[in-house]
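Just below is one structure, and these are the notes that go with it.
All values below come from the heavy atoms of this structure, side chains included, with hydrogens, waters and symmetry mates left out.
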Amino acid sequence: MALSRIANTLIILIATVIILVYGKSLMIPFILALLVWFLTKEARSALRKIPLVASKFPVWLQSLLAGGLIFSILGGIVRIVTRNIQTLSKSWQTYEGNIEQMITQVTDRFDLDLESILNDFLGNFEFSPFFRDMLSSLTDVFGNAFIIVLYALFLTLEETGFSKKLKAMYPAKDTYDEIIEIIEKIDQSIGAYLSIKSLVSLLTGFLSFIALWAIGIEAPVFWAFLIFLLNYIPTIGSLIATAFPALFALLQFGEFTPCLLVLVIVGAIQIIVGNIIEPRLMGDSLNISALVVLLALSFWGALWGVAGMLMSVPITVIIIIVFAEFPSTRPVAILLSDSGNVGQEEALPAEQEIIPTPDPEVAEEDPQPESPDT
């Protein structure tokens, strides 16, 4: 039985990986639509706090308003970022002159052939094709926007009749109530994580935009958007998000002072938001091991490229939340977590506390207390 169970598990894992690899073009838009659907539900819950919306607008219209708001914001950001990338790509000739000037200064001061070292390290790397490829990637994502919207729309429509299907699947009331409780808990946990993480990433990107704009970095919206995306990756994403604009400042100005300013200010924003604000808002929602973060980053990056790297941590957190709700998969969730705490265990009521009973043989051997002398 144990061997057959292990064999079945391996077969399922291999089949899952094959589906993820060959179904990449279908799975990535669906996963993005699923994340957008969760964010839409959170936005709909926020809209319901407005008395007029809660009383006058039906649920489907609330979902439509929330989804339209989210997609409008994302669409506007993508257009602005696209223009910024085009601006950077056109201005690259100026930056090439700054690089040559810096290489000359370093070579003269330290008597070091920096140009040969950079050529050996980077090869024939050019930034203009790099920006064009990045623009192409964003264009592909924006081109899949219709499919993502379609998936999110059908997920919203499926939500209305999902409870009826569950009743048909689980006619017994106790089983149905238990399944509904588990689904609602998973839904709330995932929605809370995605909404809080998105707000924290948005705050980090906005503060970084102000800092980069004040320093004079070209295309600050693009770098702020990059910081917003990379902030979904704990620790590693923050380091990369700080290093990229700092290196660009070095290329743009040809001086070390702007680079140091970006490192200090943007790094301070990352530390304050990531180590002070985010833990207070997030609580135990991001209960994931640092080693698991690195492995997830490598695994999803190998499967789906840059899109997989950006979605790696949200997907892994969702897996931990879902696995923690079922006894058979709970050990996996504990293994993937950071602290091993994947949910509060139900405490035994005080009146039902189990008191160990004495061993009868030991009780018979205990001597009876002697009566006092009269």
Side-chain angles (χ1 to χ4, degrees), residues 16 19-20 23-50 53-54 57-78 138 140-166 169 179-202 228-229 231-233 281-282 285-286 296 300 303-304 307-325:
T16 303
I19 292 173
L20 291 175
K24 172 183 174 180
S25 59
L26 296 176
M27 293 296 296
I28 291 179
F30 179 76
I31 296 295
L32 290 173
L34 191 63
L35 297 178
V36 170
W37 176 65
F38 277 111
L39 291 176
T40 302
K41 292 185 65 177
E42 293 297 313
R44 186 179 64 193
S45 300
L47 288 175
R48 284 180 180 175
K49 296 179 181 179
I50 303 175
V53 175
F57 288 45
V59 177
W60 66 269
L61 186 55
Q62 295 174 11
S63 301
L64 184 62
L65 288 174
L69 177 63
I70 290 176
F71 278 106
S72 298
I73 294 174
L74 292 177
I77 290 174
V78 168
L138 288 175
D140 292 340
V141 172
F142 193 69
N144 290 328
F146 176 74
I147 300 176
I148 296 173
V149 171
L150 195 63
Y151 282 154
L153 178 62
F154 276 94
L155 284 171
T156 304
L157 295 176
E158 191 71 19
E159 182 185 354
T160 57
F162 188 67
S163 59
K164 296 180 181 179
K165 294 181 180 180
L166 281 180
M169 293 171 61
I179 295 296
I180 286 293
E181 183 180 357
I182 292 175
I183 291 176
E184 288 179 351
K185 188 174 180 181
I186 293 173
D187 183 33
Q188 292 173 1
S189 300
I190 295 174
Y193 164 74
L194 289 176
S195 59
I196 293 174
K197 190 64 179 178
S198 298
L199 288 175
V200 170
S201 300
L202 187 62
F228 166 78
L229 288 180
N231 200 57
Y232 281 94
I233 305 173
L281 295 176
M282 191 73 70
S285 297
L286 189 61
W300 291 105
L303 286 181
W304 292 348
M309 295 175 68
L310 293 175
M311 294 189 295
S312 61
V313 174
I315 291 174
T316 307
V317 171
I318 290 172
I319 291 174
I320 293 175
I321 292 172
V322 174
F323 279 14
E325 297 302 321

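- With a 4.5 Å cut-off on side-chain heavy atoms, W300 and I31 do not count as touching.
- For the atom pair CG (L303) and CE (M27), the distance works out to 10.5 Å, reported to the nearest 0.5 Å.
- Listed here is the closest heavy atom pair of F38 and D187: CE2-OD1, 3.3 Å.
- No donor-acceptor distance shorter than 3.5 angstrom exists from the side chain of K24 to the backbone of I19, with no hydrogens or angles considered.
- In terms of heavy atoms, L155 sits closest to F30 at CD2-CE1, 4.4 Å.
- Closest heavy-atom contact between S312 and A296: CB-O, 3.6 Å.
- A 4.5 Å side-chain heavy-atom check between I28 and M311 finds at least one atom pair inside the cut-off.
- The two residues I183 and F162 come nearest to each other via the heavy atoms CD1-CE2, 3.8 Å.
- The shortest distance between side-chain heavy atoms of I318 and L35 falls below 4.5 Å.
- Of the inter-residue distances, the one linking E42 atom CD with L47 atom CG reads 11.5 Å to the nearest 0.5 angstrom.
- The shortest heavy-atom contact between T40 and A66 is O-CB, 3.6 Å.
- Across P29 and I148, no two heavy atoms sit closer than the pair O-CG1, 3.8 Å.
- Side chains of Y151 and V36 form no contact here, defined as non-hydrogen atoms less than 4.5 Å apart.
- Side-chain contact between K165 and E158 is present, with heavy atoms from C-beta onward closer than 4.5 Å.
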